[in-house]
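All remarks here apply to the structure that follows.
Just so it is clear, the structure is predicted and the values come from calculations on it, not from any experiment. Start at 1 with the first residue, then count along the sequence.
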Amino acid sequence: MNSPMTEQRDQSGAPGSLALLTDLYELTMAYGYWKRNMLDTEGVFHLTFRSNPFDGGYAIAGGLAPVLDALERFRFDSHDLEYLAGLRGNDDHPLFEEAFLNYLLELRLECDIDAIPEGTPVFAHEPLLRVSGPILHAQILETLLLNLINFQTLIATKASRVVRAAKGDRVVEFGLRRAQGVDGGLAASRAAYLGGCSGTSNVLAGKMYGIPVNGTQAHSWVMAFDSELEAFEAYAEAMGNNVILLVDTYDSLQGVRHAVEVGRNLRERGHRLAGIRLDSGDLAWLSKAARAILDDAGFPDTLIAASNEFDEYVVESLKQQGAEITLWGVGTRLVTGHDQPALGGVYKLSAVRRPGGTWQSRIKLSEHVSKTSNPGILQVRRFDRGGKLVGDMIYDTESPPGDTPLMIDPLDVTRRKRLPADAEWENLLINVIRRGERVYDPPPLEESRARVFRELERLDEGILRFLNPHEYPVGLEENLHRRKTELILSRKRNGRKGELK
C-alpha cells in the first residue's frame with residue numbers, strides 16, 4: 001500500500017504524483033536546460049552525506065522503497081501545470097513559457113538509478129544513490145530524492161543505536177504524537193522499524209507497512225475512574241488478552257501492587273498480566289523494586305515496560321544501572337532525530353556528456369574540504385575478510401580498481417590503506433531503475449530490518465560505540481583521487497568551470 005509520503009490525492013480522491021514536491025529552483029534550472037536546447041545532454045548525480053549522524057560511526061541506508069514508489073508515479077498533470085502557469089517573475093510576466101509547460105506534461109523519466117539497498121550500513125562520502133540520464137530529468141529529481149532518503153536514513157540510524165543500547169530487549173516506537181506531521185510520523189515509524197524497533201504505536205503505519213503495533217493505556221484512563229484499582233480491573237475486563245497496566249499515575253509501587261491484584265483475577269479467568277509500564281521517576285530504582293514485587297507475588301514472567309524521553313544514551317545508562325526494564329517505549333527523541341534533526345544529504349553533479357561525446361568529470365569546490373565533491377561515475381566497493389568488513393572504496397566505473405587497490409582518505413591525503421588481495425568484495429550500488437522503469441523490487445521491510453542486524457555484526461565493535469567511535473575506513477581509489485586532485489588544481493588555476501584540458 002502506498003503512503004501519504006508518496007501519494008498525493010486530488011479533490012476526487014484519485015492518487016496523483018509528487019512532481020511538485022520540489023524546490024522552485026529545480027524547475028527554473030529545468031526550464032534553463034530546455035531553453036538552451038540541452039535535452040540530449042546527460043548528467044550523473046550522486047546523493048551523499050558528509051558526516052555520520054549523531055557523531056556516530058555509521059548510518060543505515062533508508063528510504064529507497066518510498067523513492068521507487070514515488071518515481072513510478074512521477075508525472076506533471078494538468079492541475080500541476082495550471083498552477084505553474086500562474087507563477088510570475090519579478091516583471092509580473094509568466095515565469096515559464098507555455099511550450100515548456102507542455103513539455104513537462106509529456107515528460108516521462110528516462111533516468112538510470114543505482115542505489116544501496118535499505119538496511120545497509122553506510123558511511124560519510126559514499127553515494128547512496130547514483131542518478132544518470134538526461135540532465136533535465138536527473139536535476140528535477142533532486143529535492144524529492146533528498147527528502148525521502150535523508151529523513152528515513154536519519155531515523156533508521158537513530159533506531160539502530162537505541163536498539164543496540166537495549167541489548168536484546170524489545171524497543172517499540174511511540175513517537176507519533178510528537179512527530180513532524182502526518183507524513184513525518186508515518187515515515188518515522190517505517191524507518192524506526194527498519195532500524196530495528198520491534199513495533200510501533202502507530203496503527204496506520206502498522207496497516208500500511210505490516211509493522212507490529214503495541215499499546216497500553218494513558219493516565220487519562222486511570223484518572224477517569226474513582227480509584228486506580230477500579231481502572232485496572234475495568235481495563236483487564238475489556239482487554240483481557242492484552243493487559244499491560246500503567247502504574248505511575250499516583251504512586252508507582254502501589255500501582256504495581258494493584259496490578260498484582262488484577263493479575264491474580266486474570267489468572268482465574270484464564271488470562272495473564274502481560275506487563276506493567278513505568279513512565280516517570282527514578283526508573284532504575286523503580287523497575288528493580290517493581291520486579292521484586294512481581295516476583296514475590298508469583299509473576300516472574302510479567303514484563304516491565306518503560307517510557308520517558310529515552311534515547312540511546314538514557315537506555316545505555318539505565319542498563320548499566322541494572323534497570324529491570326525489558327520493553328522500551330521510545331518516542332520524541334527517536335522520531336525527531338532529537339540531537340541531529342537532519343542528515344545533511346546532498347545531491348551533486350559529477351559528470352556531463354554532450355550528444356555524441358564522452359563523459360566529462362565535474363567537481364564542486366569549497367573552502368571546506370568535506371564539501372568538495374567527488375567527480376566521475378561512482379561506485380562503492382565493500383571489502384570483507386573473514387566475515388568482517390575491512391573498508392569501502394569509492395571508485396570511478398570508468399577506471400575500476402586493480403587486484404590490490406590503494407584507497408586514500410578524501411579528507412586527509414596522508415591516510416592511505418591498501419586492501420588485501422585475499423579480501424572478498426561486493427559493489428554496493430545496484431540497478432534499481434533503467435530508463436525510467438523499475439528493475440528492482442525491494443524486499444519486504446522485515447527482510448531489510450534483518451539486514452541491519454546481520455550487517456552490523458560485520459563491523460568492528462569500536463565503530464558501533466556511541467562515544468568517540470572508531471572511524472571505518474572509507475577512501476577514494478587512487479586513480480579517482482588523482483583525477484580529483486587534477487581537477488581541483490585545474491579549477492583553481494584557471495578560475496573557471498569546465499573539463500580538464
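- Nearest heavy atom pair, residue Pro410 against residue Val369, reads O-CG1, 4.0 Å.
- To the nearest 0.5 Å, atom NZ of residue Lys348 and atom OG of residue Ser350 are 11.5 Å apart.
- Between Tyr347 and Leu145 there is a side-chain heavy-atom pair separated by less than 4.5 Å.
- Side-chain atoms of Thr120 do not come within 3.5 Å of backbone N or O of Ile116 as any donor-acceptor pair.
- We find the CG-CG distance between Leu47 and Leu129 to be 5.0 Å, quoted to the nearest 0.5 Å.
- The backbone N or O of Ser132 sits nowhere less than 3.5 Å from a side-chain atom of Asp112 that would complete a donor-acceptor pair.
- Side-chain N or O atoms of Arg449 include one that pairs as donor or acceptor with a backbone N or O of Cys197 at under 3.5 Å.
- The distance from atom OG of Ser370 to atom CZ of Phe49, rounded to the nearest 0.5 Å, is 13.0 Å.
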Q: Apply the test side chain to side chain contact (heavy atoms under 4.5 Å, CB included) to residues Trp328 and Val162: give CA-CA distance (whole Å), side-chain angles for both, the deciding distance (0.1 Å), then the verdict.
A: CA-CA 9 Å; Trp328 305 80; Val162 176; 5.9 Å; no
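- Panel note: side chain Glu477, backbone Leu480; a donor-acceptor pair is recorded below 3.5 Å.
- Although no hydrogens or angles enter the test, the distance criterion places a donor-acceptor pair under 3.5 Å between the side chain of Thr157 and the main chain of Thr153.
- Although no hydrogens or angles enter the test, the distance criterion places no donor-acceptor pair under 3.5 Å between the side chain of Ser490 and the main chain of Leu487.
- The side-chain heavy atoms of Arg438 and Val432, taken from C-beta on, include no pair separated by under 4.5 Å.
- Remark: Ile60 CD1 to Arg451 CZ distance equals 10.0 Å, nearest 0.5 Å.
- Shortest non-hydrogen contact noted between Phe174 and Asn214 is CE1-O, 4.5 Å.
- Counting heavy atoms from C-beta on, the side chains of Arg482 and Glu478 come closer than 4.5 Å.
- Across Arg458, Arg382, Arg381, a single residue satisfies salt bridge (charged side-chain N to carboxylate O under 4.0 Å, His left out) together with Glu426, and that is Arg458.
- Classified by interplanar angle (parallel below 30°, tilted 30° to 60°, perpendicular above 60°), the ring pair Phe100/Phe96 is tilted.
- Each of Asn52, Asp460, Asp392 was compared with Tyr472 under the side-chain hydrogen bond (donor to acceptor under 3.5 Å, both in side chains) criterion, and only Asp392 meets it.
- The number of heavy atoms from other shown groups lying within 6.0 Å of CD (Glu309) is above 12.
- Taking the ring centre of Phe54 as origin, the terminal cationic atom of Lys158 falls inside the region bounded by 6.0 Å and 45° from the ring axis.
- Interatomic distance, CD of Gln152 versus CG of Leu343, reported as 12.0 Å (0.5 Å rounding).
- Leu24 has its side chain within reach of Leu95: a pair of non-hydrogen atoms, C-beta onward, lies under 4.5 Å apart.
- Heavy atoms only, all atoms of each residue included: Lys388 and Leu459 are closest at NZ-O, 3.6 Å.
- Asn468 CG: 12 or fewer foreign heavy atoms inside a 6.0 Å radius.
- Counted within 6.0 Å of CZ on Arg465, heavy atoms from surrounding residues, nucleotides or ligands total more than 12; the atom is thus considered enclosed.
- Nearest heavy-atom pair across Phe310 and Arg333 is O-CB, 3.4 Å.
- Atom CD of Glu424 has 12 or fewer heavy atoms from other residues, nucleotides or ligands within 6.0 Å.
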Q. Where do Arg75 and Ser17 land on the side chain to side chain donor-acceptor pair (under 3.5 Å) test, with the steps shown first?
A. CA-CA 6 Å; Arg75 301 285 189 277; Ser17 145; over 6 Å; no
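- Residues passing the ring-ring contact (aromatic ring centres under 6.0 Å, His included) test with Phe151, sequence neighbours excluded: none.
- A donor-acceptor pair under 3.5 Å is formed between the side chain of Asn202 and the backbone N or O of Ala205.
- Within a 6.0 Å radius of CZ in Arg108, other residues, nucleotides and ligands contribute more than 12 heavy atoms.
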Q: List the steps, then state whether side chain to side chain donor-acceptor pair (under 3.5 Å) holds for Asn427 with Tyr395.
A: CA-CA 10 Å; Asn427 287 331; Tyr395 70 93; 3.2 Å; yes
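- Remark: Arg50 CZ is packed, more than 12 non-hydrogen atoms of other residues, nucleotides or ligands lying under 6.0 Å away.
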**Q.** salt bridge (Lys or Arg N to Asp or Glu O under 4.0 Å) assessment of Asp396 paired with Arg483
**A.** CA-CA 10 Å; Asp396 189 336; Arg483 176 63 173 163; over 6 Å; no
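- At a threshold of 4.5 Å between non-hydrogen side-chain atoms, the residues Ile488 and Thr372 count as touching.
- At least one side-chain heavy atom of Leu476 sits under 4.5 Å from a side-chain heavy atom of Asn374.
- Smallest separation of non-hydrogen atoms from Thr397 and Arg130: CG2-NH1, 4.1 Å.
- Side chain of Asp412 to main chain of Thr414: a donor-acceptor pair is present (N/O by atom type, distance under 3.5 Å, no hydrogens or angles).
- Nearest heavy-atom pair, Pro134 versus Glu110, reported as atom, atom and distance to 0.1 Å: CD-O, 4.0 Å.
- Salt bridge absent: Arg161 and Asp339 never bring a charged side-chain N and a carboxylate O closer than 4.0 Å.
- With hydrogens and angles disregarded, a donor-acceptor distance shorter than 3.5 Å links the side chain of Glu126 to the backbone of Phe123.
- In summary, Arg190 and Glu118 engage in a salt bridge, as defined by a charged side-chain N under 4.0 Å from a carboxylate O.
- Heavy atoms of other residues, nucleotides or ligands lying less than 6.0 angstrom from CZ of Arg177 number 12 at most.
- Using modelled atom types, one side-chain atom of Glu173 and one backbone atom of Gly175 make a donor-acceptor pair closer than 3.5 Å.
- Put simply, CG on Leu136 and OG1 on Thr41 are 10.0 Å apart, with the number rounded to the nearest 0.5 Å.
- Note: Trp425 and Phe383 have tilted aromatic rings, judged against thresholds of 30 and 60 degrees for the angle between ring planes.
- For the pair Leu148/Leu64, no side-chain contact is recorded, criterion being any heavy-atom separation below 4.5 Å from C-beta on.
- Using modelled atom types and a 3.5 Å distance limit, the side chains of Gln360 and Thr358 yield a donor-acceptor pair.
- More than 12 heavy-atom neighbours from other residues, nucleotides or ligands sit within 6.0 angstrom of CG on Asp384.
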